[in-house]
Protein chains: 2
Amino acid sequence: MNHPRWLTPEQRHSWIRFISVLELLPGVLDSQLQHDAELTHFEYLTLARLSEAPERTLRMTALSSATNASLARLSHVIARLEKRGFVARTPCPEDRRATNASLTEVGWQKVVETAPGHVATVRDSVIDALDAADVADLDRIMGRILSRLDPTNRLRSWGTE
Amino acid sequence: MNHPRWLTPEQRHSWIRFISVLELLPGVLDSQLQHDAELTHFEYLTLARLSEAPERTLRMTALSSATNASLARLSHVIARLEKRGFVARTPCPEDRRATNASLTEVGWQKVVETAPGHVATVRDSVIDALDAADVADLDRIMGRILSRLDPTNRLRSWGTE
DNA sequence: GCTTTTTACTTGTAGCGTCAAGCAATGACT
DNA sequence: AGTCATTGCTTGACGCTACAAGTAAAAAGC
């Protein structure tokens with residue numbers, strides 16, 4: 001066929017709603033965190049991932065996979081978080097090209113203080129709008145989309161287990 | 001309770017997958033459009049909305065609602081699109097505070113050229129991963145989330161009809 | 001009719017992300 | 001052991017978005 005395969009009306013309707021959420025939700029998450037903790041959603045995510053890691057430490061590459069970010073982006077972000085005392089960078093002994101990022105005590109406290117408000121926002125804006133079946137459906141659907149977006153499955157530890 | 005209501009494991013798993021998609025998908029859409037048409041996803045959306053409007057014209061406020069953008073953001077974007085000849089701004093005769101943005105012929109051609117590649121990307125990265133039931137579920141779930149994110153229902157013409 | 005408020009939009013600035021380029025260490029290959 | 005490619009990360013410049021402040025017109029109040 002020389003025409004593209006357009007979307008069906010159902011697909012189109014669903015897609016438009018989906019990108020509306022994609023457009024609106026980041027703003028909601030960012031502004032709550034910015035207001036209450038002076039953190040970007042991505043900065044919070046970074047701190048949260050570190051807080052869950054063994055020794056609260058991860059190599060830059062591992063952290064960038066865990067947060068779906070490019071190394072360049074992560075490098076800028078960690079630089080900012082380091083300036084504020086939440087994260088410390090130390091050279092990795094096994095591989096001298098590599099850098100370990102670890103959460104400081106101050107950074108840990110920041111996560112502890114910030115998490116409840118963030119979870120409340122996640123509930124308010126998303127989770128509490130959904131029943132158990134919705135949550136299961138969302139999980140299934142996002143899993144299918146992720147397999148297209150992230151064919152190498154860098155996220156398998158969180159997303160595909 | 002003085003503890004926040006944490007997420008259940010199912011909710012948490014679903015949420016993490018969801019924000020992974022939220023983090024990855026905009027990059028995929030943006031880079032295809034940037035590469036093939038030198039447009040942002042948001043710029044494309046703006047042109048697409050105009051192309052569907054009567055006379056291919058909308059007032060700035062209406063267009064900002066249709067695209068989920070602040071007026072400030074839209075103003076910058078329209079300024080860029082105007083410089084490139086895709087959009088023209090004309091003062092609105094009925095209300096001299098208002099501005100009409102309309103798609104030029106060049107802008108219309110741009111949409112016509114760009115749409116097929118964009119739809120193909122949408123299919124590749126999302127829609128073709130989903131069966132009919134998934135699409136219906138996604139539609140339902142995003143509708144529920146939108147009702148939280150957009151309580152005033154500015155999007156009703158597209159999202160809630 | 002004159003102020004006050006609201007609506008519609010624009011503009012400047014500051015901050016974050018992407019891209020391209022770079023460097024240094026490592027591994028592979030000969 | 002010497003070259004070449006790859007990996008791990010950093011840096012700088014540029015572009016887009018959010019935020020704050022400003023202008024101008026219209027509507028509302030008195």
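Basis for what follows: all heavy atoms, side chains included, without hydrogens, waters or symmetry-related copies. These numbers come from a predicted model, not from an experiment. Naming convention: chains lettered A, B, ... in sequence-line order (proteins, then strands); numbering from 1 in each chain.
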Nucleotide N/O to protein N/O under 3.5 Å, stretch nucleotides 18-21 of chain C:
from, atom 1, to, atom 2, distance (Å)
C:dT18, O4, A:His76, NE2, 3.3

| field | Residue-level proximity of residues 80-99 of chain B to DNA chain D when a heavy atom falls under 4.0 Å | value | B:Arg80, B:Asp95, B:Arg96, B:Arg97
| request: Would you sort out whether B:Asp128 and A:Arg148 count as a salt bridge (Lys or Arg N to Asp or Glu O under 4.0 Å), showing the intermediate values? | output: CA-CA 9 Å; B:Asp128 284 350; A:Arg148 296 297 186 103; 5.4 Å; no
| Within 6.0 Å of CD in A:Glu38, more than 12 heavy atoms from elsewhere | no
| Closest approach of A:Arg5 to B:Arg123 (non-hydrogen atoms, all atoms of both residues) | O-NE, 2.9 Å
| message | Tell me the closest heavy-atom pair linking B:Ile141 and A:Leu138, and the distance in Å. | response | CD1-N, 3.7 Å
| message | Taking salt bridge (charged side-chain N to carboxylate O under 4.0 Å, His left out) as the definition, give me every residue that meets it alongside A:Asp30, ordered by chain and number, with sequence neighbours left out. | response | none
| said: Once ring pair (Phe, Tyr, Trp, His ring centres under 6.0 Å) is applied, what residue pairs with a partner in residues 77-104 of chain A remain, sequence neighbours excluded? | reply: none
Taking the side chain as every heavy atom from C-beta outward, state whether [X] and [Y] have any atom pair closer than 4.5 Å.
X	Y	answer
A:His41	B:Leu22	no
B:Leu45	B:Asn68	no
A:His76	A:Arg80	yes

Length of the [atom1]-[atom2] vector between [X] and [N], whole Å:
X	N	atom1	atom2	result
B:Leu63	C:dT10	CG	P	11 Å
B:Leu74	D:dA18	CG	C1'	14 Å
A:Met60	C:dA25	CE	P	17 Å
A:Leu71	D:dT11	CG	P	12 Å
A:Asp30	D:dC16	CG	C1'	14 Å
A:Ile78	D:dT10	CD1	C1'	13 Å

| message | Evaluate B:Asp139 against A:Arg17 for salt bridge (Lys or Arg N to Asp or Glu O under 4.0 Å), listing each step before the verdict. | response | CA-CA 7 Å; B:Asp139 191 37; A:Arg17 279 192 173 172; 3.5 Å; yes
| field | Those residues of residues 34-45 of chain A lying under 4.0 Å from DNA chain C by at least one heavy atom | value | none
| said: Filter on side-chain hydrogen bond (donor to acceptor under 3.5 Å, both in side chains), then keep only pairs touching residues 98-121 of chain A, sequence neighbours left out; what's left? | reply: A:Gln32-A:Thr121
